There are 2 protein chains.
Amino acid sequence: MTGQKQVTSSDVAKLAGVSRTTVSFVLNNAPNAQIPEETRQRVLMAAQQLGYYPNAAARSLASQHTNNIGVLLCQSADRLFADVFLMEVLSGIHQVIRPKGYHILVEAVEDVTAPDAYIGLVRSRHIDGLMVSGPRADDTQLPRIHAERFPVVLLGRLPNSDLCQVDVDNVRGARAAVEHLLALGHRRIAFISNGPLVYTASRDRLRGYVAALTTAGVPHDESLVRYGNFSRASGYAAMQSLLELPERPTAVFVASDVVAFGALAALRDAGVHVPDEMAVIGFDDVPLADQVTPPLTSLHLPARELGQTAAEILLKLIAGEAITNRLVSLDTRLVIRESTGKPGTLQSQPDMAASQDTR
Amino acid sequence: MTGQKQVTSSDVAKLAGVSRTTVSFVLNNAPNAQIPEETRQRVLMAAQQLGYYPNAAARSLASQHTNNIGVLLCQSADRLFADVFLMEVLSGIHQVIRPKGYHILVEAVEDVTAPDAYIGLVRSRHIDGLMVSGPRADDTQLPRIHAERFPVVLLGRLPNSDLCQVDVDNVRGARAAVEHLLALGHRRIAFISNGPLVYTASRDRLRGYVAALTTAGVPHDESLVRYGNFSRASGYAAMQSLLELPERPTAVFVASDVVAFGALAALRDAGVHVPDEMAVIGFDDVPLADQVTPPLTSLHLPARELGQTAAEILLKLIAGEAITNRLVSLDTRLVIRESTGKPGTLQSQPDMAASQDTR
DNA sequence: GCGAGTTAGTAACTCGTGTCACTCATACTA
DNA sequence: TAGTATGAGTGACACGAGTTACTAACTCGC
């Protein structure tokens, strides 16, 4: 297609006056072969001069590895948020993987349950390892691939699986959120979930909420719990419903920033002042969480770090190393803004590794 | 690494009782070879039964194409926005490319000016074509790759280049924004750029602003122009400066939503009501443009369509087809929200293909 | 029954690199 | 001097598929 004749290792060998084998040894720093510095330099010069780049396909064919890792995106319901989140994750993966000479093959799949959704990627030896973002329990290919001992790391939780998994510690994050509200003096704290409880993340965030209350000796009032569905609208509705309660909560933990935006809108429309009449804390710390009125206190997801650690694990798996810790949980970071009260106005009681927003 | 023995076409041939050549012919639907249906079925069954997937490397080596296309991200200054935007673009590319059997190799590069930044991807025949997002004029590899007649499509503008380019029509978009304000009756309209004028996009948006005013016979007042730098803070400062003018504008076109968020904050802090005392219109229509107070009227960037058209062009280039239109401009779409006034309250004068926000 | 034309299928070469096993000097040892 | 290391480098095969040029068998017309 390009019309350009490819420079091969034979050309380099010819120019350097050595055999092709020697060229290969020099360029790959073969540990066994002894090559005198003088020859080495001659080969390197020749390669440089000709602008030689080894053919990737030939190299893969011979060496049995591609230096590609696959990133499979099974986009979940919260698209909007997933977008920006995933780009950060990708960036983290890239950061770790590039210095080792790997490339990223991105694959999005609409229907993971299709029998041929992505197994071809693995079987055709397109990639050396696979990263699955948003794994699903009804994915039948994952077990098969795992059974073939193909390196796989999941970004997200998949219960009852012994695959390597990297995820955010949703329970601890939710706990931290509620503890922050408790530390500010709130006792009547409501909860709006990010999504339905079929999602592990939603379940875990609810669990963290309950746990924090229990630990603090605050009774868990079921009537203060509402469910969102990842959308702004669901947050609006949930908050409206909470406002109709005979005894209003003084604070609400919304397990998703986007849903929290809806809640904020509902509060504004109802003329309820945030944070004086109602403190609001979100989750995810989406990029524009500090742009709304009032700027939203939230829990920052370590997206880049998720990508990095997952990539490190995957590289180990590819190298055949043993993984000691198959379930990694990364901590969220509490970012305090104005929606929970101006810092310092109330009792400021540093409960966790909380950081002021410095964007 | 995986320990699993790969199924080869020889295995399939053996099982089907034919030669390897026949297997290849059947599986690739070779147009020349005549294969009776009965044999065809036998081969297909055998392949199916063994779970045969052709080895990608071997296939690439023999056929001289990889079925991979590279997407190079040269992240620009407006990172925050780029993230979500790029994911949309990727999605569009994927949509077009996947059905044709192509995969996406994502590569981010921090320093494009490095002599070896990404040319290896091309030279090593890792990919069949390249898409460059955010191309830069000081990129020295691009001309070299182009000279080798390697298929390349740019996402963005690169003046003085005969490479294929797909971009948003920033001039027309800006024009539409200002025309909307004019149609609402505004005459004193300020401008805040998204970034410094070294960026083509910034220059074009300014040009569109001036063009719209000129066409409408409104004199262009230089004192109403301010420059942002992609950040919220720059928008805040720019708007403050505009508010200090002896004769305030009644509307402002901010050539970036993020910068516009800053402007909105400045207006709120100054107690200026939007849109009654000051109409504000943004550009980009970032996902949370409808989440701020008041929801921001903006121009929607067709991110997915950008990816799609770029992908279509790249596929044509790879196939060796001639490209008639090397400079494609996609139109933005005016999304009217509350920051320019409730629709219908003033004279509603449909100026362009404006659509109500239906998110 | 014979050449021409078609059908069905294959042997053998190619793609470019990695790597094992082996050679040929030269240097060192006893 | 014979024998053995060691250093420097190569020949040849493997990797798995695409593809060209060819053959063998079979059909048809006369």
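Bear in mind the structure is a predicted one, so any value in this text is a computation, not a measurement. In what follows, chains are A, B, ... by sequence order, proteins preceding strands, each numbered from 1.
Spacing between atom NZ of B:K14 and atom P of D:dG16 amounts to 12 Å, rounded to whole angstrom units. Distance CD (A:E37) to C1' (D:dG7): 15 Å, rounded to an integer number of Å. Summarising the geometry, the separation between NE2 on A:H65 and C1' on C:dT17 is reported as 11 Å, rounded to the nearest angstrom. Rounded to whole Å, the distance from CG on B:N67 to C1' on D:dG18 is 13 Å. Between A:R40 atom CZ and D:dG7 atom P the separation is 17 Å, expressed in whole Å. The nearest whole Å value for the distance from the NE2 atom in B:H126 to the P atom in C:dG16 is 16 Å. Between the CZ atom of B:R42 and the C1' atom of C:dG9 there is a distance of 11 Å, rounded to whole Å. Taking atom CG of A:L27 as the reference point, atom P of C:dT19 lies 13 Å away to the nearest angstrom.
Heavy-atom distances to DNA chain C give each of A:V7 and B:T39 a nearest nucleotide, and the one nearer the 5′ end belongs to B:T39. Between B:P36 and A:N28, the one whose closest nucleotide on DNA chain C sits nearer the 5' end is B:P36.
Under the side chain to side chain donor-acceptor pair (under 3.5 Å) criterion, B:S24 pairs with B:N28, sequence neighbours left out. Scored by the side chain to side chain donor-acceptor pair (under 3.5 Å) test, B:D162 finds B:H146 as partners (sequence neighbours excluded). Taking the salt bridge (charged side-chain N to carboxylate O under 4.0 Å, His left out) definition, one finds that B:R40 meets it with B:E37, sequence neighbours left out. Remark: A:T113 engages A:D111 in a side chain to side chain donor-acceptor pair (under 3.5 Å) (not counting sequence neighbours). With sequence neighbours excluded, the residues that form a side chain to side chain donor-acceptor pair (under 3.5 Å) with A:R157 are A:S329.
Contact annotation: B:S9 side-chain N/O to D:dG16 OP1/OP2 distance is not under 4.0 Å. Residue B:S24 places at least one side-chain N or O closer than 4.0 Å to OP1 or OP2 of D:dG18. B:Q34 has a side-chain polar atom (N or O) that falls below the 4.0 Å cut-off from OP1 or OP2 of C:dT7. Distances shown here put a side-chain N or O of A:T22 below 4.0 Å from the OP1 or OP2 atom of D:dT10. Residue A:Y53 places no side-chain N or O under 4.0 Å from the OP1 or OP2 atom of C:dT17.
Within the structure, no pair that satisfies the salt bridge (charged side-chain N to carboxylate O under 4.0 Å, His left out) test touches residues 310-329 of chain A, not counting sequence neighbours. Among pairs with a residue in residues 61-73 of chain A, those fulfilling side chain to side chain donor-acceptor pair (under 3.5 Å) read A:H65-A:N67, A:T66-A:D128, at least two apart in sequence or across chains. Applying the ring-ring contact (aromatic ring centres under 6.0 Å, His included) definition to pairs two or more places apart or across chains, those involving residues 90-144 of chain A are A:H103-B:H126, A:H126-B:H103.
Looking at heavy-atom distances under 4.0 Å, B:V23 makes no contact with the nucleic acid at all.
Taking each heavy atom of B:V43 and B:V23 in turn, the nearest pair found is CG1-CA, 4.0 Å.
Side chain of A:T8, nearest nucleotide from D:dA8, C:dT17, D:dT10: C:dT17.
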Collect all protein-nucleotide pairs involving nucleotides 13-15 of chain C in which both atoms are nitrogen or oxygen and the distance is under 3.5 Å.
none

Protein-nucleic acid N or O pairs under 3.5 Å, nucleotides 20-22 of chain C:
none

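Rounded to 10 degrees, the angle between the two end axes of the helix from C:dG1-D:dC30 to C:dA30-D:dT1 is 50°, with five pairs used at each end.
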Side-chain donor/acceptor pairs under 3.5 Å, residues 55-62 of chain A, sequence neighbours excluded:
{"residue": "A:N55", "atom": "OD1", "partner": "A:A57", "partner atom": "N", "Å": "2.8"}
{"residue": "A:N55", "atom": "OD1", "partner": "A:A58", "partner atom": "N", "Å": "2.9"}
{"residue": "A:N55", "atom": "ND2", "partner": "A:Q6", "partner atom": "OE1", "Å": "3.2"}
{"residue": "A:S60", "atom": "OG", "partner": "A:A56", "partner atom": "O", "Å": "3.0"}

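The pair B:R144-B:E148 does not meet the salt-bridge criterion, since no charged nitrogen lies less than 4.0 angstrom from a carboxylate oxygen.
Under a 3.5 Å cut-off, the side chain of A:Q308 and the backbone N or O of A:Q95 do not form any donor-acceptor pair.
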